[in-house]
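Written below as C-alpha cells is the structure these notes are about.
Each chain gets a letter, A, B and so on, in the order its sequence line appears, and its residues count up from 1. Quantities reported herein were computed from a predicted structural model and do not represent experimental measurements.
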Amino acid sequence: MLDAKFIRKDPEAVRAGLAKRNTKVNLDLFLSLDEKRREIIRKAEQLKNKRNTVSQEIARRKKEKKDTDAIIAEMQQVSRDIRSMDEEARETEEQLNNILLTLPNLPHESVPVGKDDSDNEEVRRWGTPTQFSFEPKAHWDLGEDLGILDFGTAAKVTGARFTFYKGLGTRLERSLFTFMMDLHSMKHGYTEIFPPFMVNRRSMIGTGQLPKFEEDAFKVEGTDYYLIPTAEVPVTNMHREQILDGAQLPIRYCAYSACFRSEAGAAGRDTRGLIRQHQFNKVELVKFVKPETSYDELESLTNDAEDVLKELGLPYRVVNLCSGDLGFSAAKTYDLEVWLPSYQRYVEISSCSNFEDFQARRADIKFRDGAKGKPQYVHTLNGSGVAVGRTVAAILENYQQEDGSVIIPERLRPYMGGIDRISK
RNA sequence: GGAGAGAUGUCCGAGUGGUUUAUGGAGCUGGUCUUGAAAACCAGUGACGCCGCAAGGUGCCGGGGGUUCGAAUCCCUCUCUCUCCGCCA
C-alpha cells in the first residue's frame, strides 16, 4: 500500500500517479479522516497521560490511608472518555486502512503512460517467429492427437479449464519445471523453495490479491485458506512481519507451485488448450532487496526468466507494460511473451515486476543495516520463471513437425530420459 | 479428534492487581588492565509502532475482547508450539 504520510504530504503526486493508471480516487475523504484520526489520538493520549499519573497518585494515597473516593470517581469518567475515544480512533483507522488497501501502486517514471495493452512498449526481441512449410496445428490438437493431453476427460472429472496430462505429456510438464528449478537454483543462484499451496487471508492481503480481487481467488470453504494464485504469495509472505538483516540482502528464492485462478471475467477468452486454466504449474522467482538496487534487480530478474526461453530455443519478446496495463501492486512490469503459432502472435508467459515497498508495507517486511540502523521497508520483486503449461503449449507448437510429431528441445532431453521426439 | 503444558525484550529467564512506567543474566557498545587478545572489573545499552517541529507523550509482555481508578498479572476467546492418546498418506 501507499505511505499514508506521503499521501498527506503530497496528495497531488498521488492523484497524478493514479490518474496514469486510469484510477480515480477521492483523496479528500482520506485526508479528512487522516486529520481526524490524529486529532483523536492527540486528545486520547493526553487523557492517558493523566490516567497514568493519577493512578500512581491513588496508589500512594492508599498506602498512606488517605481518602481516594473523589479521584477514583473522577477517573471513572476519564476512563470512559478514553474508551470512547479509542473506539473512535480505531474506527477511523479502519476506514483509512480500507481506503489504503484498495489504492494501487504508483507507476515508476520509466513506465510508458498508456490506456491498455496496445500502448505497451516492446523492449527487445529474441529469435524470430517460427516459420512452417506446412499448416501448423494448435497445441490442443497436437496434444490430443499425440495422446498426451486430454481436455475432455478433465471436463468430466472436474470441469472446464482443467487438463489431464498423460504419458510423455506428463513427463514433458515435470521435465520443464525441474529444468527451470535447476536453472534458477544452480545457474542463477536462487534458493529453492517448495511452498504451501494454500495460504491464509492475511497473506493474500500482504501481496495485494485481497481485499480487492476476492472473485479471482479460490477459497477453501469453512476455513481461512485460499488456494494460491501464484507462489509469490506464500514465498513473499515467508518474511512477513520481519526485520531482515541488511547484510543478507538481496534474498532470492525460486519456487515451484501449482497455481489456482478462478479466471473470473475471462469467460469466452482462450477457451481452448493450456493457455488459461484454473490450475497450472509455475516456477516463480522472488526477491527481497534494498530500495536503491531494486531496478537493477528487476533487470536481472527479467534476464533470468528470459534465460529459460533462450535455453529452450523459444522465440519471445520483452514488453514494458504501460501504466494502464500494470497490475495492482506493481510499480513496473516487464512481460515476457512467447511466440505462439496458433495465436499468430506473442503471448504472455512471464510477468516480472518491481513492487518497490508496496507489498513490504502491506506485509510489514523491513531490513536494518548494522545493529543501530533504522528499520526500513525492503523492496520486493517477482517474476514467473516461467509458466509451465504455456511453455508446453509453446514447445508443442513451435517444435511441431509436418508428420504431427514434436521435437524435444535439446536442453530438455536429459530430463526426458533421453527422448528426443514425441510421436504417435 | 481427545487430554495436558506453554507463549515475556536479540537470547535465556523472573514476575500472579499499584515505587515493574518489565528483576536478573547472556549479548552488544565504550573503558580499565594487557605487547595484542582472552579473562576479570567498571560504565552504558532494551524490540517495535503511533502522536509531536521538538522536548516529550502514548501503546506494546502470542492475537483479540472484558473486569478495574489502575492489568504482564484476573476473566473470556482465538492462534501457534510442546508432550501423551486416537486416526492417517
Short side-chain N/O contact to U68(B) OP1/OP2 from Arg80(A), under 4.0 Å: no
Sugar-phosphate only, base, or nothing, as touched by Ile58(A) at under 4.0 Å among non-hydrogen atoms: base
Any Arg83(A) side-chain nitrogen or oxygen under 4.0 Å from OP1 or OP2 of G66(B): no
Minimum-distance nucleotide to Arg8(A) side chain [options: G59(B), C51(B), G65(B)]: C51(B)
Base partner of U35(B), which must satisfy Watson-Crick or wobble distances under 3.5 Å: none
No-hydrogen, no-angle side-chain donor-acceptor test under 3.5 Å, Arg80(A) and Gln77(A): yes
Among C48(B), G52(B), C50(B), the nucleotide that comes nearest once only the side chain of Ile243(A) is considered: C48(B)
Geometric class of the Tyr295(A)/His108(A) ring pair [parallel <30°, tilted 30-60°, perpendicular >60°]: parallel
Pair assignment for G6(B), Watson-Crick or G-U wobble, requiring both distances under 3.5 Å: C80(B)
Interatomic distance where CZ belongs to Arg240(A) and P belongs to G63(B) [whole Å]: 14 Å
Verdict with reasoning, Val378(A) to Val289(A), per side chain to side chain contact (heavy atoms under 4.5 Å, CB included): CA-CA 6 Å; Val378(A) 299; Val289(A) 311; over 6 Å; no
Touch class at under 4.0 angstrom, heavy-atom based, for Arg202(A) against every strand present: nothing
Parallel, tilted or perpendicular, as decided by the 30° and 60° cut-offs, for the rings of Phe162(A) and His278(A): tilted
Under 4.0 angstrom between Arg38(A) side-chain N/O and C50(B) OP1 or OP2: no
Touch class at under 4.0 angstrom, heavy-atom based, for Lys50(A) against every strand present: nothing
Proximal nucleotide (of U58(B), C69(B), C51(B)) relative to the Lys48(A) side chain: U58(B)
Which nucleotide in C50(B), C48(B), C69(B) has an atom nearest any side-chain atom of Arg37(A): C50(B)
Nucleotide nearest Ser79(A) when distance is taken to its side chain, options C50(B), C69(B), G59(B): C69(B)
Side-chain-base donor-acceptor pair under 3.5 Å for Glu45(A) and G57(B): yes
Sugar-phosphate only, base, or nothing, as touched by Arg51(A) at under 4.0 Å among non-hydrogen atoms: sugar-phosphate
Complementary nucleotide of A43(B), counting Watson-Crick and G-U pairs under 3.5 Å: U29(B)
Parallel, tilted or perpendicular: rings of Tyr253(A) and His239(A) (30°, 60°): parallel
Phosphate OP1/OP2 of G18(B): any Gln56(A) side-chain N/O under 4.0 Å: no
Phosphate contact (G70(B) OP1 or OP2) by Asn52(A) side-chain N/O below 4.0 Å: no
Closest to the Asn49(A) side chain, choosing from C51(B), U58(B), C69(B): U58(B)
Residue Lys62(A), side-chain heavy atoms: nucleotide from G18(B), U58(B), C51(B) that is nearest: G18(B)
Strand partner of A55(B), provided both Watson-Crick or wobble distances fall under 3.5 Å: none
